[in-house]
A.B. asks: 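Just dropping this structure here.
Each chain gets a letter, A, B and so on, in the order the sequences are listed, and its residues count up from 1.
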Amino acid sequence: MTPENGNTTPGKLRVLNVNFAGCEGCNVSVLRAYPKISDVVDLDIAYLGERRHESYDVAIITGGVCMNDPKSVEELKEIRKISDIVVAFGSCATFGGILRFCRGGQEPRPDQRNFQPANSVIRVDYSIPGCPPTPQMLVSFFKFLREGNERRLKLFKVVAGVKKLSGFDLIDDVVLTGLCIGCGACELSCPTGAIRLIEKRPDLIQEKCIRCGTCYVRCPRASSIICMKGGD
Amino acid sequence: MMNVQENPLGPVMGIYLCRAADEDIKRMKVASGGAVTALLLYMLEKDLVDGIVTAKRTKGLEGQAVVARTREELLRTAGNKWSIVPFAARIKEKIEEEDLKRVGIVCLPCQAQFFSQMRDFPLLETDFGERIKYIVSLFCMGTFAFEAFLNYLRIRYDVPPSAIEDIRLERDSLTVKHEGGELRLPIKEVYSYLQAGCLVCTDYTGVWSDISAGSLNEERGWTVMITRNPKAENLLRGAKEEGYLEIRDGSHVMGSVMKGAKDKLARAQRNMMTLL
Amino acid sequence: MKASTIDKVCRIAGEAKLILYEDDGEVKKASFIATAPVRGFEKMVVGKNPLFAVEAVMRICGLCHASHGIAASEAIENAIGVVPPRNGLLLREALGLINRVQSHLLQFIMITGDLIREEERKQLMLKLIDLHGEISNYLLKLGGAATHPPNLTVGGMLKAPKESTMDRLKGRFKVLLEKWEEAKEKLIDEDVQTDIAAELREHEMKPPFLATGIFYGDVYNLLPDGIEVIPYYDFRDDEEARLSTTMVAFYMGKSVEAGPRARMHVYRRFRDSSLYGLHLARVEDVRLALHRLGEILDWIKLSEPFRTKRIMFGPGKGVGVYEAPRGTLIHFVELGEEGRVLSSRIVVPTMFNIPIMEEAAVGLSPRAAEAVMRLYDPCIPCTTHVVRGEGP
Ligand SMILES: Cc1cc2nc3c(=O)[nH]c(=O)nc-3n(C[C@H](O)[C@H](O)[C@H](O)COP(=O)(O)OP(=O)(O)OC[C@H]3O[C@@H](n4cnc5c(N)ncnc54)[C@H](O)[C@@H]3O)c2cc1C
Ligand code: SF4
Ligand code: SF4
Ligand code: SF4
Ligand code: SF4
């Protein structure tokens with residue numbers, strides 16, 4: 001799917017960023033990327049002003065969706081309808097991240113208790129975890145997307161079909177199965193320092209894991225297995 | 001460029017047989033042609049990078065990740081380490097502390113995948129992807145679960161770890177040099193001492209690297225090198241022109257390399273069915 | 001009183017509705033109703049290890065992450081009777097100041113749409129984004145990340161910066177200051193400003209102020225019992241308010257303003273009481289923060305410890321007060337027998353500011369009223385829908 005084939009003015013992609021119940025960290029990342037992608041991307045982001053188009057080539061979803069807020073759920077569905085490509089950007093939008101811990105009960109809206117990543121509600125084309133992912137990440141994404149480099153984007157395409165990934169899954173799928181090779185990539189990738197390599201095997205400091213999934217997509221073993229399973 | 005899905009060698013621009021021109025290097029305990037060391041030396045001495053992240057032998061045959069910034073430091077790292085060397089947090093700190101803006105990395109295919117992912121897709125602010133200039137991957141059939149392997153040598157052949165001097169890989173056998181002589185073990189025999197994770201690994205050459213390097217029985221004393229992009233081509237050419245590398249065409253060994261890659265892929269698929 | 005519809009408005013950190021009741025082009029009453037879903041961080045941390053609580057609350061907000069981390073750490077330390085070593089406190093203060101600058105820069109990016117004439121806007125915005133990157137690098141190097149800095153923790157800092165890193169940051173400080181000076185000049189240059197800016201200069205507003213310190217915040221300058229928090233729907237009885245997702249807070253029975261202007265009034269001789277003064281105070285807040293940051297970098301002694309050793313979590317109650325970018329931020333925490341979180345309560349500055357914002361809108365043109373919402377920089381994690389309703 002090359003976005004250039006869509007209804008775009010040649011050259012620039014029409015891109016929309018919408019934040020749901022995220023912390024704003026991810027959309028700040030999008031904003032910070034803007035000067036670096038502005039020659040190829042025409043960005044609508046709430047920080048800079050109103051939405052200007054009826055439809056978009058790429059929608060970047062940040063934050064997770066509150067399932068108890070029908071308005072949010074409807075809005076997300078609407079975005080799917082008007083966008084060719086939907087990208088979940090950041091751990092809340094991809095795997096739930098910190099929002100996985102929400103359980104409701106808090107004033108003034110104790111009814112809002114279930115938050116889900118975007119792919120629980122709509123089909124997502126690419127999922128890019130990180131809490132938050134760096135601005136540079138978005139720059140790279142658009143580079144490969146425009147080049148049509150599917151090989152490079154495959155991992156993000158495959159995990160777009162996954163709703164939950166975290167340090168716990170890494171331990172279960174790679175370490176406890178004995179498939180860990182002790183390379184240290186996970187330790188280097190955890191934003192909270194929840195993973196430490198002890199005697200060449202990662203150990204999870206559970207109380208620090210915010211379930212962002214970064215370690216999982218960065219683990220060479222986990223990512224190649226998940227790509228092979230999800231591979232076409 | 002060929003697609004990885006169809007081609008287990010990944011993208012290939014050129015395939016060459018190389019060896020170090022430098023006598024110092026040839027005299028050392030290099031793995032095959034010493035070409036990797038020579039190429040790294042070229043990067044360092046011609047100021048293409050500020051440092052090389054590589055592995056130094058520590059106790060026994062294991063390694064530790066180090067950053068080499070001079071010829072001497074680099075020469076001390078030549079040769080293979082048969083365990084995986086975790087490029088953990090320490091390396092990151094090192095790169096930051098010394099503020100290395102451009103580094104070359106030598107690693108195994110799985111690590112090449114990680115580093116190139118970091119370079120292309122910096123998910124974290126603390127990533128140092130923009131500092132990684134060249135990724136050189138060694139071919140890899142697997143790394144040992146080291147304690148287990150050494151223990152096996154001790155029990156089965158009465159070779160204590162302290163007596164082992166070197167381990168070399170040939171086509172289907174592993175040669176263990178020790179104080180009392182030499183031990184040739186068929187690869188099949190040692191497979192079970194590879195890490196389980198390696199048995200499901202599909203990447204033989206390091207498809208995500210810029211340059212891959214391996215060795216072949218039929219071309220002893222030479223290192224096979226695969227370039228994967230124009231940047232890597234230029235690097236090899238430069239190393240040749242500056243007198244660091246001897247280079248010959250390697251098209252005739254393509255088949256052998258391909259066989260190695262296919263074998264590993266088949267092994268992974270087989271094992272995946274039983275392990276996963 | 002007429003009812004008409006104007007466009008949806010963005011450029012505020014949060015999802016909220018603004019209802020303006022107006023007569024003859026003048027706002028008579030305003031209701032600011034946050035609608036972003038409640039994620040419930042106070043409930044989320046119950047039963048958890050305090051270290052999780054610190055990681056979690058930083059994710060309340062991607063703009064003032066470090067501020068939440070600091071206030072939460074302070075509260076937990078207060079509960080278990082631990083004080084971080086001098087270095088830990090200094091570095092923590094530095095992280096907070098960097099975070100203050102980061103957050104204010106984003107507010108400047110959003111407010112340029114109101115205050116700065118169109119032809120100058122884009123340029124200034126790009127400058128501000130660049131500067132944001134520059135200052136974020138300090139948080140990355142000192143705190144471990146540019147957002148949600150993981151080195152911040154109970155008892156001080158998890159990691160000490162390396163000497164070479166410190167030297168490089170100090171070396172680069174001049175560049176940072178120069179970039180700031182350049183941006184600052186444009187931010188307060190009245191020659192490039194809009195009519196809205198002019199209107200804001202003419203309106204006075206001098207509410208009671210709440211501030212507990214100029215840089216860090218001090219629990220002894222606050223009477224925690226004097227804080228009263230109620231759901232917005234109990235505060236305003238608009239039909240729309242029923243769906244509101246925010247709470248509002250009062251101090252000593254009154255609505256109070258928190259934030260840069262409060263800090264400047266209480267701790268500096270800043271006397272501009274026009275609404276535009278909010279903007280000037282924020283500019284000054286950034287200037288002072290950068291100045292102080294420069295000093296702290298020199299005071300930190302790398303050879304001394306950054307974290308208190310032997311931290312044991314056990315039962316206790318604690319309060320942590322910190323001057324976040326938007327004003328006084330208060331975390332209350334109670335730890336149970338096993339040292340896990342028994343309860344948590346967080347009062348954020350926007351809770352104090354909402355009633356004040358609504359008050360400030362009265363008497364203004366609708367456009368300026370909207371701008372005032374942004375001037376107070378309310379933080380409700382993005383789109384404000386301004387709905388004009390019928391008058392009371
Ligand atoms: C575990 C392992 C398995 C291998 N399996 C195969 C195989 O199946 N088929 C094949 O053709 N080739 C294989 N090789 C590669 C081959 O043995 C040689 O390393 C390669 O041909 C390069 O030879 P050289 O003389 O040019 O390298 P040298 O000039 O000796 O330089 C090698 C460089 O690689 C670094 N290095 C060595 N080991 C490691 C390590 N574990 N991690 C990171 N850096 C390291 C060294 O520090 C040195 O800088 C394997 C290598 C290793 C380490
Ligand atoms: S992923 Fe992290 S930075 Fe992004 S919205 Fe969620 S908590 Fe914030
Ligand atoms: S271990 Fe770290 S990287 Fe992995 S999911 Fe948890 S917080 Fe994220
Ligand atoms: S990244 Fe994966 S393989 Fe590497 S150490 Fe971590 S869990 Fe093991
Ligand atoms: S076999 Fe694969 S996983 Fe094992 S060390 Fe080699 S490249 Fe890494």
A.B. asks: Parallel, tilted or perpendicular, judged at 30° and 60°: which one describes the rings of B:Phe121 and A:Phe156?
C.D. replies: perpendicular
A.B. asks: Name the option with the most non-hydrogen atom pairs under 4.5 Å to chain A; the candidates are B:Pro122, B:Ala112, B:Cys110.
C.D. replies: B:Pro122
A.B. asks: With a 4.5 angstrom heavy-atom cut-off, could you sort out which part of A:Val217 is near chain B: side chain, backbone, both or neither?
C.D. replies: both
A.B. asks: Please round to the nearest 0.5 Å and tell me the distance separating atom CG of B:Leu123 and atom CD of A:Gln136.
C.D. replies: 12.0 Å
A.B. asks: Rounded to the nearest 0.5 Å, what separates atom NZ in A:Lys200 from atom CD in B:Gln195?
C.D. replies: 7.5 Å
A.B. asks: Measuring heavy-atom distances to chain A, does B:Phe144 have an atom under 4.5 Å in its side chain, in its backbone, in both, or in neither?
C.D. replies: neither
A.B. asks: From B:Met272 CE over to A:Ser224 OG, what is the distance, rounded to the nearest 0.5 angstrom?
C.D. replies: 6.5 Å
A.B. asks: Would you kindly say whether A:Ser223 and B:Gln113 are connected by a side-chain donor-acceptor distance under 3.5 Å?
C.D. replies: yes
A.B. asks: Just so I understand: if I count every heavy-atom pair under 4.5 Å between each of B:Thr202, B:Asp203, B:Asp127, B:Thr143 and chain A, which residue has the most?
C.D. replies: B:Asp127
A.B. asks: At what distance, to the nearest 0.5 angstrom, does CG of B:Leu124 lie from SG of A:Cys212?
C.D. replies: 7.5 Å
A.B. asks: Select, from A:Ser140, A:Gly130, A:Cys131, the one with the greatest count of heavy-atom pairs under 4.5 Å involving chain B.
C.D. replies: A:Ser140
A.B. asks: Checking heavy atoms, do the side chain of A:Cys186, its backbone, both or neither come under 4.5 Å from chain B?
C.D. replies: neither
A.B. asks: Out of A:Cys180, A:Ser189, A:Pro132, return the one with the most heavy atom pairs under 4.5 angstrom to chain B.
C.D. replies: A:Ser189
A.B. asks: Is A:Leu155 close to chain B through its backbone or its side chain, or both, or neither, when contacts mean heavy atoms under 4.5 Å?
C.D. replies: side chain
A.B. asks: From A:Ser29 OG over to B:Glu125 CD, what is the distance, rounded to the nearest 0.5 angstrom?
C.D. replies: 6.0 Å
A.B. asks: Would you say CZ of A:Arg201 has more than 12 non-hydrogen atoms from neighbouring residues, nucleotides or ligands within 6.0 angstrom?
C.D. replies: yes
A.B. asks: side-chain hydrogen bond (donor to acceptor under 3.5 Å, both in side chains), that's the test. Do A:Arg152 and B:Ser116 meet it? Break it down for me.
C.D. replies: CA-CA 10 Å; A:Arg152 235 28 196 140; B:Ser116 91; 2.6 Å; yes
A.B. asks: Nearest 0.5 Å please: distance from the CG atom of A:Leu179 over to the CG atom of B:Leu199.
C.D. replies: 9.0 Å
A.B. asks: I'd like to know whether A:Arg151 forms a side-chain contact (heavy atoms from CB on, under 4.5 Å) with B:Val207, so could you lay out the CA-CA distance, the side-chain angles of the two residues, the decisive distance to 0.1 Å, and finally the verdict.
C.D. replies: CA-CA 11 Å; A:Arg151 174 173 172 249; B:Val207 298; 4.1 Å; yes
A.B. asks: Could you pull out the closest heavy-atom pair between B:Met118 and A:Arg218, with the gap in Å?
C.D. replies: CA-NH2, 3.7 Å
A.B. asks: Counting only heavy atoms not in B:Lys262 (residues, nucleotides, ligands), do more than 12 fall under 6.0 Å from its NZ?
C.D. replies: no
A.B. asks: Given a strict heavy-atom distance threshold of 4.5 Å, which part of A:Arg221 is in contact with chain B: side chain, backbone, both, or neither?
C.D. replies: side chain
